[in-house]
Amino acid sequence: MIRSVVFDVGETLIDDTREWARWADWLDIPRHTFSAVLGAVTAEGRNNTETFDYFRPGFDLATERQRREDAGRGELIEDADLYPDVRTGLQTLRDAGLWVGIAGNQTARAGDLLHQLDLPVEAIATSGEWEVAKPDPAFFARVIAMAPGEPHEIVYVGDHRDNDIIPAQAAGLRSALIRRGPWGYLWADERRVRDHADWIIDSIEDLPRLINHGLETPPLELRAPTVAPWPNRPHP
């Protein structure tokens, strides 16, 4: 039985296109150039913050974030940044009686901006507020403490193999990789994702139907057209 579903933020709920463009503009780097280097870093499975070092060796992310805020060009999360399925998908999960939350590697400021969107969720938390970031096991311990249910009754949804899927599984959570954003598309068919993710989904709106089918349904019966063609990972 699943009691709770907790979502990552960037490239799971939020399309990061505008934020990356704002970083390129702040650094006075052509957007295409910045995006291409970001893609190369992503393809190598490295931390995306390493992108900045190619343009500004020794780049201090915290300092530059504050400089952007001071200049009135800081983080901005608005309704237009949400993926189209977010509000309907979250609401459908809540209507099905599930507890729905958000917890991702974002600043405390991003947490405030998410609260202002008035999303249909029970709780919102960020690594900036918790002072611990994925993939640290302590982050997922906080997720487990936040969401109702035993770890195997909680689903964590994200787009990142190393920050979301593998550490969530290690913490005893169920996990779903959503195929969107650079990481989601690059890693959706990778062996390590297949070995650790319960599901590969294309939309948040896939989740209610899958959960309604029951996680103990035989794997072949659990498959659906929008889910990658392998069975869910067996779970004790």
Side-chain angles (χ1 to χ4, degrees), residues 6-69 74-77 81 102-111 113-114 125-143 156-171 173 175-193 195-197 200:
V6 181
F7 290 87
D8 171 48
V9 180
E11 295 303 346
T12 298
L13 303 179
I14 302 295
D15 181 343
D16 284 334
T17 299
R18 185 164 64 159
E19 178 61 13
W20 286 119
R22 288 163 65 86
W23 271 116
D25 294 346
W26 175 256
L27 297 173
D28 197 25
I29 304 295
R31 291 182 178 186
H32 174 71
T33 300
F34 188 90
S35 179
V37 174
L38 172 63
V41 170
T42 299
E44 292 178 1
R46 295 153 55 196
N47 191 312
N48 56 24
T49 60
E50 295 181 37
T51 303
F52 296 108
D53 288 322
Y54 283 95
F55 304 109
R56 299 288 186 274
F59 185 85
D60 187 317
L61 181 59
T63 297
E64 288 299 319
R65 274 181 172 152
Q66 188 57 54
R67 289 185 60 206
R68 281 183 57 188
E69 292 291 341
E75 286 184 275
L76 186 62
I77 300 175
D81 298 305
I102 296 171
N105 276 0
Q106 268 73 37
T107 62
R109 164 69 176 161
L113 294 170
L114 288 167
T126 67
S127 58
E129 296 164 330
W130 283 349
E131 298 184 344
V132 61
K134 298 181 291 183
D136 193 317
F139 179 95
F140 290 93
R142 294 294 297 265
V143 170
Y156 191 79
V157 183
D159 67 300
H160 200 286
R161 178 195 65 203
D162 300 331
N163 283 352
D164 300 328
I165 303 305
I166 292 177
Q169 186 271 338
L173 302 170
S175 65
L177 183 131
I178 190 163
R179 190 188 285 106
R180 62 173 44 147
W183 299 271
Y185 280 109
L186 278 172
W187 290 338
D189 295 328
E190 195 200 55
R191 182 76 258 171
R192 280 176 292 176
V193 171
D195 289 343
H196 291 85
I200 310 297

(message) Is the shortest side-chain heavy-atom distance between Q169 and L173 below 4.5 Å?
(response) no
(request) Ignoring hydrogens and angles, tell me if any N or O in the side chain of E11 forms a donor-acceptor pair with the backbone of D16 under 3.5 Å. (result) yes
(request) Measure the spacing between OG1 of T49 and CG of L61 and express it to the nearest 0.5 Å. (result) 6.5 Å
(request) Answer whether the closest heavy-atom distance between the side chains of L114 and V9 falls below 4.5 Å. (result) yes
(message) For a quick test of reading the model, state the closest non-hydrogen atom pair linking T107 to T126 and the distance between them.
(response) O-OG1, 3.3 Å
(request) Go through the structure and list residues passing side chain to side chain donor-acceptor pair (under 3.5 Å) with D25, not counting sequence neighbours. (result) R31
(message) Parallel, tilted or perpendicular: which one describes the rings of Y156 and F140, with boundaries at 30° and 60°?
(response) perpendicular
(request) Rounded to the nearest 0.5 Å, what's the gap from CG on L113 to CD on E75? Could you check? (result) 6.5 Å
(request) Quick one: closest heavy-atom pair of R179 and A188, and the distance? (result) NE-CB, 3.6 Å
(message) If you apply the rule side chain to side chain contact (heavy atoms under 4.5 Å, CB included), what do you find for R65 with W26, and how did you get there?
(response) CA-CA 10 Å; R65 274 181 172 152; W26 175 256; over 6 Å; no
(request) Could you give me the CA-CA distance, side-chain angles and deciding distance for D15 and D81, then say whether side chain to side chain contact (heavy atoms under 4.5 Å, CB included) is met? (result) CA-CA 5 Å; D15 181 343; D81 298 305; 5.5 Å; no
(message) Which heavy atom of A103 sits nearest to which heavy atom of V143, and what is that distance?
(response) CB-CG2, 4.1 Å
(request) Look only at the side chain of T42 and the backbone of L38, and say whether a donor-acceptor pair between them is shorter than 3.5 Å. (result) yes
(request) Give a yes or no on whether the backbone of N48 and the side-chain of T51 come within a donor-acceptor separation of less than 3.5 Å. (result) yes
(request) Tell me whether the centres of the aromatic rings in Y54 and F59 are closer together than 6.0 Å. (result) no
(message) W130 vs F139, test: ring-ring contact (aromatic ring centres under 6.0 Å, His included). Steps then yes/no.
(response) CA-CA 8 Å; W130 283 349; F139 179 95; 5.1 Å; yes
(request) Any chance you could lay out the side chain to side chain contact (heavy atoms under 4.5 Å, CB included) test for R192 and W187, step after step, and finish with the verdict? (result) CA-CA 9 Å; R192 280 176 292 176; W187 290 338; over 6 Å; no
(request) Using a strict 4.0 Å threshold on nitrogen-to-oxygen distance, state whether R180 and D159 make a salt bridge. (result) no
(request) For D60 and T63, indicate whether the former's side chain and the latter's backbone hold a donor-acceptor pair under 3.5 Å. (result) yes
(request) Heavy atoms only: give me the nearest S175-H196 pair and the separation to one decimal. (result) OG-O, 3.3 Å
(request) Any pair with a residue in residues 39-49 that passes salt bridge (charged side-chain N to carboxylate O under 4.0 Å, His left out), sequence neighbours left out, goes on the list, sorted by first then second residue, please. (result) E44-R46, R46-E50
(message) So which atom in D8 and which in L13 form the shortest heavy-atom distance, rounded to 0.1 Å?
(response) O-CG, 3.4 Å
(request) Step through the shown structure and confirm whether more than 12 heavy atoms of other residues, nucleotides or ligands are within 6.0 Å of CG on N47. (result) yes
(message) Is there a side-chain contact between N163 and W183 in this structure, where contact means two heavy atoms from C-beta onward sitting under 4.5 Å apart?
(response) no
(request) With rounding to the nearest 0.5 Å, note down the distance linking CD in E129 to CD in Q106. (result) 10.0 Å
(request) Report the distance from atom CH2 of W23 to atom CD1 of I29, rounding to the nearest 0.5 Å. (result) 12.5 Å
(request) Please name the pair of heavy atoms, one in P167 and one in D162, separated by the smallest distance, quoted to 0.1 Å. (result) CD-O, 3.1 Å
(message) Looking at E131, I'd like to know if its CD atom is crowded, meaning that more than 12 non-hydrogen atoms belonging to other residues, nucleotides or ligands lie closer than 6.0 Å.
(response) no
(request) Report yes if the side chains of F52 and E64 come closer than 4.5 Å at any heavy-atom pair, otherwise no. (result) no
(message) For L27, is there any backbone N or O sitting under 3.5 Å from a side-chain donor or acceptor partner on R56?
(response) yes
(message) side chain to side chain contact (heavy atoms under 4.5 Å, CB included), that's the test. Do R161 and I166 meet it? Break it down for me.
(response) CA-CA 6 Å; R161 178 195 65 203; I166 292 177; 3.9 Å; yes
(message) So R68 and R22, do their side chains get closer than 4.5 Å, heavy atoms only?
(response) yes
